[in-house]
Amino acid sequence: MVNLRYDHYCWIILSLILSLLLASVEGNQHPQTGHAVVESKKKCASLAETFKLPNTKILLAEYVENGTTINLQNLDPTCGSPNITVNSNICRVSWNTTTGYKSGFRFEAFLPIDWSGRFVTLGNGGTGGCILYGDLDSTAKQGFAAVDTNNGHDGDHALPFFHNKGVQQDYAYRAVRMSARQGKHLVRAFYGKSARKSYYVGCSTGGRQGFKEAQDAQIHFDGILAGSPAIDFNHLNSWGASFLPITGSNTSAGFITFDQWTGIIHDDVLRKCDGLDGYKDGIIEDTLKCHYTADDLLCPSGSANRTDCLTEDQVKIVNRVYSPMRSIKGEYLYPRIQPGAEGFEAVIVYLTGTIFGYSDWQKYVVFKDPNWNASAFDPANYTKAQELNPFGIQTFNGDLSAFRKNGGKILHYHGNEDGIISAEISPRYYDLVSKTMKLAPHSIDQFYRFFRVSGMGHCGNGQGAHFIGNSQANLGPTNEPEDSVLWALVRWVEKGIAPDYITGTAYVNGSRDTGIVDYQRKHCRYPFSNVYQGKGDPKDPNSWKCIYPQGYGYGHGHPTKSLLS
Ligand code: CA
């Protein structure tokens, strides 16, 4: 009897501890009482009158109930659906901030009522004029007070940059930096206290924006999640514009067709490089080991009009596509497209024989000429964008010491099938950090970890285990650190458990809609490389092992050798 009562009390105490722990881990994830809802609504609406910021006009402050569909009025058509369904109870706040006599940005915040105490600033994509409402909703649902901006202009196009340095400055860094500062003030005003941890999340342009904040270290972020970053931005833009003159127009004689890229060339790439990781599954784990040329595809002399081989000119074009961009003096400017990407994204982005849309940066900012001829872009001009480098947009500074000193952590990822931003710019940046800071990987690991995600395209999509939890569109099966890079970063920042790998999930039919996991793969942190161990089910992540490349310089102060060709 005594023992039973003792057990009973122990059980009550354990239950209490467990509830407290759950509350601290998940925030206040319990239904609100009627009174609390009324108070939240009142507090949210009052911000329209009480919350003040310089040069800012509040447009909206309203409570939005879980399940409500919001109509996003005046959304630029390039920014996606004009409606979004909100999946948690939030206070939505929006305003316009003026940054110059003809520049400014629009700000949006989704403040969840069930708040975990965390704050996140989101970046943008492409030419950066779209608020990512899906990611605002997704991060708010995960308990973050989330903010994002239109980055100083509406729509995913570059015309607003034309002769407007204010808009360029907002895009280079100012909108993100100011919105993070503003968002922190807003959090204090709405919740009555500061966020306990601040994060940044972005991919593509958003990845660059994250690294810009890490490099400049003007705003305190405890954790930065930066994917497929548009770093070395000026050279990236020149690189993007360089393909049309290389491939020629899609109406030119001998143009390499979609079917040739995705057929004989992609097959040849896989024949030579798929098995380098120990297992032929159509996915290249480490493109840096793949030194591809199309020389073997040359048609035998005397053969004409064949589609199963390439002419001499076509072989030269393919080999140029797989070579780094160099200046006319031969300096290495930007990495090649990594082999494998030709089968998916690159073929519909850069190898189409038409003008690449984001070349508009060249047109409106670099050459300042609306009639600029994209077909005539010449290697002599590859360095022109970098010479201009408006507002330090290059984002390729290898010194992260101020960020490190502030105690921040960076989780960086890049998909190996990325066909928009070369996946090899990311190891190039990692090597730059290593050389600049004179740190070997085991030291960089303390504050900055980079992961190569095989089978992943640009920020998502791809043929392999690419669902890593980096965005609403790319969530894994759970929001646990084992399935989500965002939560792996949170665990690193808040519990000091650094990720040695990140787990990606592949769903049956490649779609999360099926809900059925096909397999998972552990993506290694750079410079480790994922290798199948020759036995066991290849769909079992434990049949693979992260192997350290010989000669990289681990433990010797700084790299003695770059893995880049
Ligand atoms: Ca493989």
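Ligands are counted one by one from 1 in listed order, and the atoms in each one are counted from 1 as well. Residues: numbered from 1 along the sequence shown.
Side-chain contact check for Asp259 and Thr257: no donor-acceptor pair (N or O, by modelled atom type) lies under 3.5 Å. Neither side chain, His235 nor Gln386, offers a donor N or O lying under 3.5 Å from an acceptor on the other.
Atom OG1 of Thr311 is separated from atom NZ of Lys316 by 9.5 Å, given to the nearest 0.5 angstrom.
The Ca ion (ligand 1) has an N, O or S atom of Tyr279 under 3.0 Å away, backbone or side chain. At a cut-off of 3.0 Å, Glu285 does not coordinate the Ca ion (ligand 1) through any N, O or S atom. Checking Ile283 against the Ca ion (ligand 1), an N/O/S atom falls under the 3.0 Å cut-off.
The atom of Asp281 that is an N, O or S and sits closest to the Ca ion (ligand 1) is OD1.
Note: Phe450 and His412 meet the aromatic proximity criterion, with ring centroids under 6.0 Å apart. Taking the ring centroids of Tyr350 and Phe356, they lie under the 6.0 Å cut-off.
Put simply, the angle at the Ca ion (ligand 1) from OD1 in Asp277 to O in Asp274 is close to 60°, to the nearest 10°.
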